[in-house]
Amino acid sequence: MIEFEQLTVPTEGERIGIDNGQLVVPNKPIIPVIEGDGIGRDIMKVTRRVVNAAVQTAYNGENEIVWFDVYAGENAMAKYNEWLPQDTFDAIEYFRVALKGPLTTPVGGGFRSLNVTLRQVLELYACVRPVRYFQGVPAPVTHPEKMNVVIFRENTEDVYAGIEWEQGTPEVKKVIELLRTEMGVDIREDSGIGVKPISIFGTKRLARMAIQYAIDHGRRSVTFVHKGNIMKFTEGAFCAWGYELAKEEFPEQTITEDELYSDYDGECPEGKIIVNDRIADSMLQQILTRTDEYDVIVTPNLNGDYLSDAAAAQVGGIGMAPGGNLSDEVALFEATHGTAPKYTDQDVVNPGSLILSAVMMLEHLGWQEAADLIISGLEKTILQKKVTYDLERLMEGATKVRTSEFGASIVENFQ
């Protein structure tokens, strides 16, 4: 058993195993959980209650999640005097699956982002964001039900690698001089400089996970979204390497869009997944105007950030948008919104994002029955118009309920 500096592992429960790349989930898995800052306390409390009730109902007490509280953000600062203690990294890596509330990013120094740091240190290379519509949620588009995509966003490279030099520093001057004298690139002296790395390794492992997901879940297509018409050797290469991976590792399961029309007259053969690509700016338009043409989407980091929020806006906003960060062995599921500190401990905010992230976690464990209970309870609660203030103000005839009451209604509505 692993040892921690200030954590005590629960006496009940077992570690999730792994065999030949597949999770081996015991009946009582130990799941590390980061409560989160600000509204994290309210939404995590409700989420745990909903998940516990779903697991109990689905499996008649045979299965149980053993929650293991670990620390990050303000709670960690109080306990460890640091924002992200090694205990937390070690616990998530060792127990393999974890759930996290929103975290405050320190101002004026320290980590650029606690969320990004967790992803990079644990090498959680894929940010997975399912975006779908729940009937009854207010949406700004005419047909929000057409949205049902899963976005795979690369987590460790691109501009989020954080390689940059501030304007006016000796370091940036060296970089500018190097580029000018060695590369023949003319850059203004008063510039800041950032580096955008995109690798074959990083691209292909993301494409592999996305295509395998599409196969496992019966999806129709995989679309690489990039700005390769301008950034040919980074984003253009991302697209090219994605196609290469599909051809190398999934030749029997995939067909390119070009092949679809040149060889099959636009009719996709049964059992094949269409692999295509779109330019990023065009995709931001097409996800709005041709929503139902897209299914699984694969992007570099920054494109995925824009696209996932834009897609979520079409179905009611990030308050109902879940997310997970995955490697081949470790998964960290999290709320996709911020900490909203002015609502801390007021029991008023929408816990939907975190609850749906917990649904992703249950699906990752293979506990689909429990996940389905939560989805059915959530959908019925929204249709009953028992919603938190953010949705109530947009829904005619709705009843405003507290965070805890919203969670209780979900449990009552399990089917």
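Quick note: numbers below take in every heavy atom, side chains included, and nothing from hydrogens, waters or symmetry partners. Predicted model, so just to flag it, every value in this text is computed and none were measured.
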Item checked: Steps toward side chain to side chain donor-acceptor pair (under 3.5 Å) verdict (Tyr294, Gln286) -> CA-CA 9 Å; Tyr294 297 99; Gln286 292 196 32; 2.3 Å; yes
Note to self: Please evaluate residues Tyr160 and Asn155 with respect to the criterion side chain to side chain donor-acceptor pair (under 3.5 Å), reporting the C-alpha separation (whole Å), side-chain torsions for both, the decisive distance (0.1 Å), and the verdict.
What the structure shows: CA-CA 7 Å; Tyr160 276 68; Asn155 248 347; over 6 Å; no
Next item on the list: Any chance you could lay out the ring-ring contact (aromatic ring centres under 6.0 Å, His included) test for Tyr343 and Tyr389, step after step, and finish with the verdict?
Entry: CA-CA 12 Å; Tyr343 295 116; Tyr389 81 94; 5.4 Å; yes
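One side chain, Asp277 or His226, offers a donor N or O that lies under 3.5 Å from an acceptor on the other. For Asn27 and Glu14, the side-chain atoms include no donor-acceptor pair closer than 3.5 Å. Remark: the Tyr125 side chain and the Glu154 side chain contain no N/O donor-acceptor pair separated by less than 3.5 Å. Between the side chains of Lys100 and Asn115, at least one donor-acceptor pair of N or O atoms lies under 3.5 Å.
Remark: Asp281 engages Lys227 in a salt bridge, criterion side-chain N to carboxylate O under 4.0 Å. We find that Asp309 and Arg129 are joined by a salt bridge, their nearest charged nitrogen and carboxylate oxygen being less than 4.0 Å apart. No salt bridge links Lys28 with Glu62; every basic N to acidic carboxylate O contact stays at or beyond 4.0 Å. Comment: Asp69 engages Arg48 in a salt bridge, judged by a side-chain N to carboxylate O separation of less than 4.0 angstrom. We find that Glu249 and Arg208 are joined by a salt bridge, their nearest charged nitrogen and carboxylate oxygen being less than 4.0 Å apart. Between Arg119 and Glu334 a salt bridge is recorded (basic side-chain N to carboxylate O distance below 4.0 Å).
Aromatic pair Tyr94/Phe89: centroids not less than 6.0 angstrom apart. Close placement of the His364 and Phe333 rings is indicated, their centers lying within 6.0 Å of each other.
Two residues are said to be in side-chain contact when any heavy atoms from C-beta on lie closer than 4.5 Å; Thr256 and Glu259 meet this criterion. Side-chain contact check for Val172 versus Thr169: some heavy-atom pair is nearer than 4.5 Å. Using a 4.5 Å heavy-atom threshold, the side chains of Asp295 and Val149 count as separate. Proximity of Leu356 to Leu378: side-chain heavy atoms (C-beta onward) are separated by under 4.5 Å at one or more points. In this structure, Leu124 and Leu118 have side chains that are not in contact, with every pair of non-hydrogen atoms separated by 4.5 Å or more. The closest side-chain heavy-atom distance from Ile92 to Leu122 is below 4.5 Å. Here the side chains of Ile382 and Met320 are in contact, with some heavy-atom distance below 4.5 Å. Annotation: side chain of Gln314 is not in contact with side chain of Pro144 (no heavy-atom distance under 4.5 Å).
Looking only at distances, no side-chain donor or acceptor of Asn350 sits under 3.5 Å from a matching main-chain atom of Thr388. No side-chain donor-acceptor contact under 3.5 Å links Arg278 to the backbone of Met283. Judged by distance alone, with hydrogens and angles left aside, the side-chain atoms of Thr203 form no donor-acceptor pair with the main-chain N or O of Ile200 at under 3.5 Å. Glu405 places a side-chain N or O within donor-acceptor distance of the main-chain N or O of Arg402, the cut-off being under 3.5 Å. Put simply, the side chain of Thr336 gets close to the backbone of Ala321: a donor and an acceptor are under 3.5 Å apart.
More than 12 heavy atoms of other shown residues, nucleotides or ligands fall within 6.0 angstrom of atom NZ in Lys79. Environment of CD in Glu3: sparse, with no more than 12 heavy atoms of neighbouring residues, nucleotides or ligands closer than 6.0 Å. Residue Lys385 qualifies as enclosed at atom NZ: its count of foreign heavy atoms under 6.0 Å is above 12. Heavy-atom contacts from other residues, nucleotides or ligands closer than 6.0 Å to CG of Asp186 number 12 or fewer. Around atom CG of Asp263, more than 12 heavy atoms belonging to other residues, nucleotides or ligands sit under 6.0 Å away.
Here the closest heavy-atom approach between residue Gly228 and residue Ile279 is recorded as N-CD1, 4.4 Å. Heavy atoms only, all atoms of each residue included: Pro197 and Ile163 are closest at CG-CD1, 4.1 Å. When all heavy atoms of Leu354 and Ala335 are compared, the closest pair comes out as CD1-N, 3.7 Å.
Atoms SG and OH, from Cys268 and Tyr261 in turn, are 10.0 Å apart once rounded to the nearest 0.5 Å. Here the straight-line distance linking atom OG1 of Thr104 with atom CH2 of Trp83 works out to 6.5 Å at 0.5 Å rounding. Between atom CE of residue Met361 and atom CD1 of residue Ile65 there is a gap of 3.5 Å, rounded to the nearest 0.5 Å. Between atom CG of residue Leu284 and atom CD1 of residue Ile287 there is a gap of 8.5 Å, rounded to the nearest 0.5 Å.
Ring-plane geometry between Phe95 and Phe4 is classed as parallel, the angle between the planes falling under 30 degrees on a 0 to 90 degree scale with a further cut at 60.
Each of Ile274, Asn148, Ile273 was checked for a side chain to side chain contact (heavy atoms under 4.5 Å, CB included) with Arg219, and the lone residue meeting it is Asn148.
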